Visitor: 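My questions all concern the structure below.
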Amino acid sequence: GAGVSQSPRYKVAKRGQDVALRCDPISGHVSLFWYQQALGQGPEFLTYFQNEAQLDKSGLPSDRFFAERPEGSVSTLKIQRTQQEDSAVYLCASSSSGARTMGTQYFGPGTRLLVL
Amino acid sequence: GNSVTQMEGPVTLSEEAFLTINCTYTATGYPSLFWYVQYPGEGLQLLLKATKADDKGSNKGFEATYRKETTSFHLEKGSVQVSDSAVYFCALSEKSGGGADGLTFGKGTHLIIQP
């Protein structure tokens with residue numbers, strides 16, 4: 001069956017450019033997460049949605065980062081005025097569970113962003 | 001805050017050797033613990049998990065036991081194969097089972113199995 005998909009898989013941006021990264025979660029999954037993975041590091045939590053509601057955005061590194069999930073399915077992570085330190089792999093994960101139940105997070109392949 | 005510390009790699013072993021990858025954690029409450037694996041060119045996959053103290057997670061010959069007294073969740077396998085070569089991440093979730101709470105990951109351990 002279809003897993004979590006992300007697009008584009010690779011993105012090269014010039015410093016100062018805006019980028020938009022897309023995540024298509026597994027159909028019907030309530031929860032959606034974004035993570036940032038720097039080279040040689042583990043993923044770090046950015047933000048969490050339950051359906052269309054963004055319940056936690058404590059991991060977003062600055063106000064240049066913005067995420068949305070307007071219809072409770074597809075999500076977009078937008079980075080404005082990209083900086084070189086934004087270069088990383090951005091991972092999306094989804095889960096069938098809501099906020100207080102157990103479940104497994106299924107990860108997409110990631111979008112590798114390189115800011116020049 | 002929460003944190004996960006795992007042994008640094010790369011770890012290089014011969015086929016059929018015994019594997020241990022150490023993982024310790026710091027958490028304020030009662031976390032659930034996970035091992036994720038990333039095979040070359042693929043996304044992160046859940047390998048196993050444990051949600052309370054003394055639980056043992058197991059999958060594909062890998063095992064890990066949730067040790068609250070030592071705040072550890074070491075990954076073990078009795079006889080590794082070349083196909084086990086991958087990056088392994090230990091992770092925790094502070095609240096209810098990791099379903100809808102952000103995971104805190106370790107830095108990952110690159111495992112290389114030589115024939």
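Just so it is clear, the structure is predicted and the values come from calculations on it, not from any experiment. The chains referred to below are lettered A, B, ... by the order of the sequence lines, with proteins before strands, and numbering in each begins at 1.
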Visitor: Side chain, backbone, both or neither: which part of B:Gln45 has a heavy atom under 4.5 Å from chain A?
Guide: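 Nothing of B:Gln45, per the 4.5 Å heavy-atom cut-off to chain A.
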Visitor: Flag yes if more than 12 heavy atoms outside A:Gln41 fall under 6.0 Å of its CD atom; otherwise flag no.
Guide: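 It does: A:Gln41 CD has more than 12 such atoms within range.
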Visitor: For the backbone of B:Ile113 and the side chain of B:Ser85, can you confirm whether one donor and one acceptor N or O come within less than 3.5 Å of each other?
Guide: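 A pair under 3.5 Å: yes.
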Visitor: Parallel, tilted or perpendicular, judged at 30° and 60°: which one describes the rings of B:Tyr88 and B:Phe62?
Guide: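 B:Tyr88 vs B:Phe62 ring planes: tilted.
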Visitor: Please look at B:Leu46 and chain A and tell me whether the side chain, the backbone, both or neither of the residue comes under 4.5 angstrom of a heavy atom of that chain.
Guide: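 Looking at B:Leu46, just its side chain touches chain A.
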Visitor: Side chain, backbone, both or neither: which part of A:Tyr35 has an atom under 4.5 Å from a heavy atom of chain B?
Guide: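 Side chain only.
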Visitor: A quick test of your reading: do over 12 heavy atoms of other residues, nucleotides or ligands sit less than 6.0 Å from CG of A:Leu116?
Guide: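 Result for CG/A:Leu116: enclosed.
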Visitor: Check whether A:Leu91 gets within reach of chain B through its side chain, its backbone, both or neither, counting any heavy atom under 4.5 Å.
Guide: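 Contact with chain B involves the side chain of A:Leu91 alone.
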Visitor: Is A:Gln37 close to chain B through its backbone or its side chain, or both, or neither, when contacts mean heavy atoms under 4.5 Å?
Guide: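 Looking at A:Gln37, just its side chain touches chain B.
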Visitor: Between A:Phe33 and A:Phe49, is the ring centre distance below 6.0 Å?
Guide: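 No, ring centres 6.0 Å or more apart.
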Visitor: Count the heavy-atom pairs under 4.5 Å between each of A:Trp34, A:Tyr106, A:Phe45 and chain B, then report the option with the highest count.
Guide: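 Of the candidates given, the most pairs with chain B belong to A:Phe45.
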